[in-house]
Trainee: 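Below is the structure I would like to discuss, written out as structure tokens.
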Amino acid sequence: MVIKKKQKSLPHKKYKPKLAVFKFASCDGCQLSLLDCEDELLAVTGEIEIAHFLEASRRVLDGPYDLSLVEGSITTPHDAKRIRDVRKISRTLVTIGACATAGGIQALRNFKDVKEFVSLVYARPQYISTLATSTPIVEHVPVDFELRGCPINKSQLVETISAFLQGRKPQTPTSSVCMECKRRGTVCVMVAQQMACMGPVTQDGCGAICPAYNRGCYGCFGPKETTNTESLAKWFLEMGMKKEEVMRTFRGFNGYAPEFRQESERQEMG
Amino acid sequence: MIAINDRESFTILLKVLQEKGYTVIGPTVQGQAIVYDKIDSIQDLPVGCGDEHRPGGYSLRKRGDGALFGYVVGPASFKKFLFPPSQKLWQAKRTKDGFDVQKEKKERFKMAFLGVRPCEIQGIMVQVQVFLKGNYVDSHYQKRRKDNLIIAVNCSEPGGTCFCTSMHTGPSAKAGFDLCLTEIIEEKRHYFVAETGSPGGEVILKEVPHCEASASELKHRDQIMDKAENLMGRTMDTSGIKELLYRNRDHPQWEKIAQRCLSCANCTMVCPTCFCSHVTEGTDLTAQDVQRVRSWDSCFTSDFSYIHGRHVRHSTSARYRQWMTHKLASWIDQFGMSGCVGCGRCITWCPVGIDITEEVRNIRLGSVPNPNDSAKGVHDEND
Amino acid sequence: MARSKTDPMTPAIFHVKRVIRETEDTFTIELIPSNGTTGFSFKPGQFTMLYVLGAGEVPISISGDPFEKRCLTHTIRSVGNVTRLLQKLKAGEGIGVRGPFGSAWPVKASQGRDVIIVAGGIGLAPLRPVLYTVLKNRKKYNRISLLYGTRTPEDILYHQELMKWRSQFDIDIHVTVDQAGKSWKGNVGVVTTLISRIAFDSTQAVALICGPEVMMRFTIQEFRQRGLNNEDMYVSMERNMKCGIGFCGHCQYGPYFICKDGPVFRYDLVEDLMKVEEI
Amino acid sequence: MKSKTIKVNHLARVEGEGALDIKIQGKKLKDVKLRIYEPPRFFEAFLRGRDFREVPDITARICGICPIAYELGASYAMEDICGIKVEGQLRALRRLIYNGEWIESHVLHVYMLHAPDFLGYQDAILMAKDYPEVVKRGLRMKKIGNEVLALLGGREIHPVNLCIGGFYQVPAKQKLRTLLDNLKWGRDAALETVTWVAQFPYEDLNVDYEFVAMRHPDEYAVIEGRLVSNKGMDIPIRGI
Amino acid sequence: MRTIEDLIKEHRFFKDLSSEHIETIAGCGKNMVFKSGEYLAREGNPADQFYVIRQGKVAIDIVTVEKGTVIVQTVQDGEIVGWSWIIEPYYWRFDVRAVETTHAVALDGKCLRGKCEKDHDLGYALLKRFSGVLARRLEVARLQFLDVYGVQQGQAAVQKTKGKRHGTK
């Protein structure tokens with residue numbers, strides 16, 4: 001005989017996907033973007049369970065997590081292991097920001113000798129455990145989606161979470177900053193004022209703010225698709241910049257991104 | 001033919017337009033460039049301001065006179081007012097079994113464009129052909145274009161990257177305007193010779209103090225405009241250009257251009273005729289409210305030619321070839337006119353100064369011979 | 001085509017009648033216009049833009065019966081965000097539809113001729129309306145052949161219908177697959193191998209071809225060998241149609257916009273373009 | 001004797017970047033270890049060889065929660081070296097953007113990190129269930145801080161408009177004016193916040209600490225002040 | 001009843017051969033019937049014949065560890081199967097199996113090989129025709145290899161492509 005268990009009529013509760021935020025070597029700025037979504041924050045938490053977000057909550061729910069946002073680059077042996085653990089407990093892993101997608105500003109060490117850096121900065125180098133390089137997450141584990149920027153753009157973050165919830169691809173352009181700059185109606189600072197601008201080789205997403213504030217883009221969203229850094233660098237030189245300056249221009253917050261790295265190395269060598 | 005004397009009458013012209021409910025849009029100085037924006041008074045115009053155009057370079061200069069239209073063209077054309085860089089097409093609310101498209105508020109755009117150069121008139125005409133003359137009418141474009149008044153100003157001092165003479169679109173406006181002015185600055189006089197092109201233009205002119213232009217005034221105007229025709233900084237040989245570009249899809253020059261081209265899309269963004277766009281799905285987190293937003297797109301991006309799993313035009317050379325071949329050749333097949341108006345913006349605002357006129361010349365050099373010109377069978381199909 | 005009164009960028013609401021699974025990754029969706037009264041007419045070969053709220057729009061060929069005015073049918077391969085969501089729709093749910101857009105197969109102009117329909121993979125979908133039409137007016141056509149190739153036997157679309165048509169004996173149907181196991185009794189080999197097996201009069205035959213570009217190119221070569229002229233072959237081209245009406249530029253193909261000049265082209269008009277890389 | 005170890009692996013209130021190990025033996029505290037495992041990033045080292053104008057943007061990346069402090073700190077340092085003094089309205093604007101960061105960061109601190117602790121919640125989101133209006137007020141205040149940052153700096157985190165000598169572009173007056181109403185509301189909200197926070201239960205613990213702070217009689221002390229303590233320390237910071 | 005010679009004469013594969021050569025070839029042929037499932041040839045066996053399929057259908061297949069028996073191609077009425085007899089080392093590379101009852105003319109390749117050696121005109125004529133068969137097989141194989149109906153790379157997992165960089169360190 002089958003005994004039918006009397007079912008309690010529980011109010012229908014929909015499953016909320018679990019969100020986790022992890023930090024590696026970084027400035028916290030990208031995860032702060034989530035808290036900076038003042039208008040959307042409560043709506044976000046209505047749709048998604050914040051299960052692990054140490055910047056915002058001491059409540060930690062166990063994994064696996066449906067969506068993990070990973071900020072920061074891998075710079076220590078401990079972190080190189082930790083990211084593999086994070087991957088294991090993450091169904092979807094999205095890296096956020098230049099550190100996580102390109103190694104960040106701290107990847108400038110990759111062009112130098114880190115041992116010298118350690119002794120230069122720390123009075124007691126023996127306490128410092130570090131890798132010789134700062135590398136993007138994707139060099140360590142598979143990544144489902146990369147959200148660029150130093151820092152990431154708030155609306156792009158909301159769009160990414162939104163896309164995750166709808167089960168679609170995030171609408172984040174891979175084209176140049178110039179396109180947004182022109183749509184915004186900013187007069188090109190490079191053509192009209194001869195300022196060095198990384199806009200033509202940098203991925204859009206920031207909203208083309210730098211030229212709108214009368215300065216050249218410094219490439220904080222990293223290389224756009226199909227970059228021609230060589231041509232831009234050549235033009236910089238024709239504008240009167242020194243090789244050294246051109247090298248530094250490419251070696252910034254996304255200096256370790258392959259396209260920018262190659263160009264800065266080309267300028268450094270030749 | 002009529003002469004509007006001095007700047008005072010010009011102030012009245014602005015007043016008349018404003019009184020008739022027009023938002024006047026014309027040249028201003030912003031961000032060290034001529035920017036078309038809302039004009040409230042004559043002070044907003046770039047008085048005594050000139051501009052220099054060269055491949056990948058632009059600067060303003062003081063002319064030392066009181067010219068109101070002494071510049072060539074602004075970086076952005078009037079396109080942005082008729083075909084905005086980003087605009088909502090429609091919005092919808094989710095319902096139980098689908099969604100409801102929300103009714104749009106009725107918006108009225110009554111815009112008077114002031115200082116429209118002949119090349120820019122042609123730019124508008126080209127987009128009108130695209131958006132309003134086909135099987136389908138773009139209601140969004142139509143709305144903005146409907147009550148649109150065009151006050152053209154002939155181009156008496158073309159710039160370093162101009163080639164409208166080659167494209168037969170300037171420097172004098174022949175049609176497409178309501179009112180067309182030629183600014184004339186003599187040692188002691190500053191006046192405009194005006195020509196009406198529509199009843200709407202006549203209505204406006206009636207309310208502005210003017211007199212019949214004298215023979216000498218007209219002569220002066222003709223002299224200026226004749227001279228202007230030969231002042232173009234660039235020329236483009238358009239003879240047989242369609243076939244030339246169709247024949248040369250494998251020309252080595254495309255690869256050479258790609259070495260310089262940044263595929264940054266600036267040329268398409270500043271082009272007064274480029275009309276490509278994409279639509280994004282603007283949702284809130286729960287996708288209850290959705291907006292479909294159309295924004296300018298460009299054939300220079302890889303996503304532009306994305307077709308499940310691949311990008312058709314993955315190389316920069318293919319993208320440049322697509323753009324230039326479309327602009328100068330296939331446009332003629334599609335719309336019965338060239339997509340290029342000779343304004344030179346793509347040359348000036350290319351961050352690395354790629355010059356479309358020069359590239360046409362390069363394609364002509366070493367072009368595949370026209371099969372009609374020479375004996376057939378030169379190419380062995382079985383090689 | 002008549003000028004549309006409403007804005008052509010705004011979709012009409014349709015409701016899902018049912019979703020039929022065809023193969024592992026392909027399904028057919030039947031839609032009914034929400035206003036209930038107005039029918040829907042299209043020409044074989046045309047496509048619509050299907051819109052899922054929150055996800056976006058995709059161009060999909062109409063695969064249903066042109067004589068069925070109340071039901072709009074599409075066969076879709078689920079490969080992207082929108083198509084995946086379309087597959088998950090339940091009866092009664094609403095989606096947006098714009099269209100029909102684009103050119104059509106020369107169904108009427110082919111009357112009195114031998115009609116050879118060559119389809120590869122999902123390419124059978126936009127040709128199915130042709131089959132409905134020619135079979136309904138069977139007497140108006142000479143020989144009718146359908147050559148259909150897929151990857152494996154599991155990928156064959158409209159299996160039941162193919163069986164039914166085959167048993168009518170008024171159409172010569174050949175199906176082949178690229179790969180099959182031992183139990184498969186049908187043909188193995190690419191679809192081009194079928195052309196030598198059918199009979200047609202090359203002086204008055206017309207070939208309607210739809211499938212991956214490579215498949216279409218080889219099919220055309222084969223037909224040329226059999227004496228068919230370029231003007232007697234039609235192909236359906238694929239690009240990323242976004243607006244469907246020539247406003248957005250995405251589907252440009254040489255001097256054409258696939259969305260309004262295509263997707264069906266007489267082969268001689270696109271012959272040169274098909275050879276150009278990255279066009 | 002009984003011994004006990006308390007281990008806190010992630011101190012949430014330092015953004016999870018630290019751990020605390022406490023060893024207790026009997027009734028005596030045996031050992032306390034605060035481990036900060038934020039990986040080293042070597043700003044001091046890789047700044048060498050950079051153009052002095054690049055320094056503020058780079059140092060901003062030390063912390064995304066308080067980038068202005070680093071951007072302005074670096075700017076002042078460079079200006080001191082160059083012998084430049086930024087005065088007048090530019091100085092006022094700098095002060096304003098600093099305040100924007102202050103508002104944003106302190107509200108985050110008060111509303112999202114500490115109030116939950118005092119009121120017994122794990123975070124502000126859970127707290128919002130019982131105190132929706134309070135959390136909303138906090139979020140709105142935070143947003144106002146961010147608006148100041150975005151307007152003057154181009155964006156909230158790592159603003160782009162600050163440079164040595166002032167700003168790349170001075171904001172238009174009418175744009176600044178748009179902040180006014182919100183800021184007025186914010187002032188009231190700040191007062192309400194003080195009243196609210198004053199009701200929190202504070203532990204009555206007195207320890208003989210030496211408290212250190214920056215001090216300036218009439219200027220924002222972090223920029224211009226001297227380092228002082230309650231036990232008599234008083235040293236200059238700038239222009240050493 | 002039609003003789004094998006008639007059959008060969010009418011077949012397009014042997015079109016334009018001299019009547020002398022046709023006679024020679026026909027002399028090496030015999031009619032055969034294969035039931036469904038019967039093998040016309042086995043991989044690795046000496047290729048001593050080829051077949052003109054008169055009626056029916058045969059599958060050229062290969063046994064694989066991964067997928068079991070995979071049919072590479074089917075050949076039917078009016079088509080030729082078997083080229084191994086004319087190209088060294090004269091071993092079948094695939095199995096040939098009747099999918100349905102198949103009537104075929106089996107031609108003795110061993111015998112023909114000898115005749116071709118003696119009569120190079122015949123050898124050339126046959127080699128020319130069989131290189132055509134080979135070329136067709138190659139074309140078909142290449143097209144199959146392209147897997148034109150397959151889901152394109154990167155289509156399924158839109159963003160996972162990024163993972164490619166993983167492990168490049």
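Within every chain, numbering begins at 1; the chains are lettered A, B, ... in the order of the sequence lines, protein sequences first and strands thereafter.
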Trainee: Should we say atom CD of C/E213 is surrounded by more than 12 heavy atoms from elsewhere, each under 6.0 Å from it?
Mentor: yes
Trainee: Say you draw a straight line from CD of E/Q144 to CD of C/Q179; how long is it, rounded to the nearest 0.5 Å?
Mentor: 8.0 Å
Trainee: Just verifying a value: how many Å separate E/Q73 CD and C/T176 OG1, rounded to the nearest 0.5 Å?
Mentor: 8.0 Å
Trainee: Heavy atoms under 4.5 Å from chain E: which residues of residues 214-222 of chain C carry them?
Mentor: C/V214, C/M215, C/F218, C/E222
Trainee: Check this for me: E/E10, atom CD, are more than 12 non-hydrogen atoms of other residues, nucleotides or ligands nearer than 6.0 Å?
Mentor: yes
Trainee: OG1 of C/T193 to CD of E/E139: how many Å apart, nearest 0.5 Å?
Mentor: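 It is 10.0 Å, given to the nearest 0.5 Å.
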Trainee: Please list all pairs meeting salt bridge (Lys or Arg N to Asp or Glu O under 4.0 Å) that have one or both residues in residues 68-97 of chain E, counting only residues at least two apart or in different chains.
Mentor: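 Counting only pairs at least two positions apart or across chains, the salt bridge (Lys or Arg N to Asp or Glu O under 4.0 Å) contacts touching residues 68-97 of chain E are C/R197-E/E79, E/R42-E/D95, E/D61-E/R97.
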Trainee: Tell me which of these, C/S78, C/G149, C/S183, has more heavy-atom pairs under 4.5 Å with chain E than the rest.
Mentor: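 Sorted descending by pairs with chain E, the first entry is C/G149.
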Trainee: What residue, out of C/T192, C/V177, C/N187, has the most heavy-atom pairs lying under 4.5 Å from chain E?
Mentor: C/N187
Trainee: Considering residues at least two apart in sequence or located in another chain, which fulfil the side-chain contact (heavy atoms from CB on, under 4.5 Å) criterion with E/L138?
Mentor: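 Scan of E/L138 (side-chain contact (heavy atoms from CB on, under 4.5 Å), adjacent residues dropped) gives E/R142.
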Trainee: Measuring heavy-atom distances to chain C, does E/V63 have an atom under 4.5 Å in its side chain, in its backbone, in both, or in neither?
Mentor: neither
Trainee: In this structure, are over 12 heavy atoms from other groups packed under 6.0 Å from E/Y91 atom OH?
Mentor: no
Trainee: Please flag which part of E/S36 lies under 4.5 Å from any non-hydrogen atom of chain C: side chain, backbone, both or neither.
Mentor: side chain
Trainee: Would you say C/E277 has more than 12 foreign heavy atoms packed within less than 6.0 Å of its CD?
Mentor: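 Open: at most 12 neighbouring heavy atoms sit under 6.0 Å from CD of C/E277.
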Trainee: Between C/G189 and E/V140, what is the shortest heavy-atom contact and its length?
Mentor: CA-CG1, 4.3 Å
Trainee: Between E/Y149 and C/G121, what is the shortest heavy-atom contact and its length?
Mentor: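 Closest pair (atom of E/Y149, atom of C/G121, distance): CE2-N, 3.4 Å.
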Trainee: Count the heavy-atom pairs under 4.5 Å between each of E/I71, E/L146, E/T64 and chain C, then report the option with the highest count.
Mentor: E/I71
Trainee: Are there residues of residues 109-118 of chain E that reach to under 4.5 Å of chain C by heavy atoms, and which ones?
Mentor: none
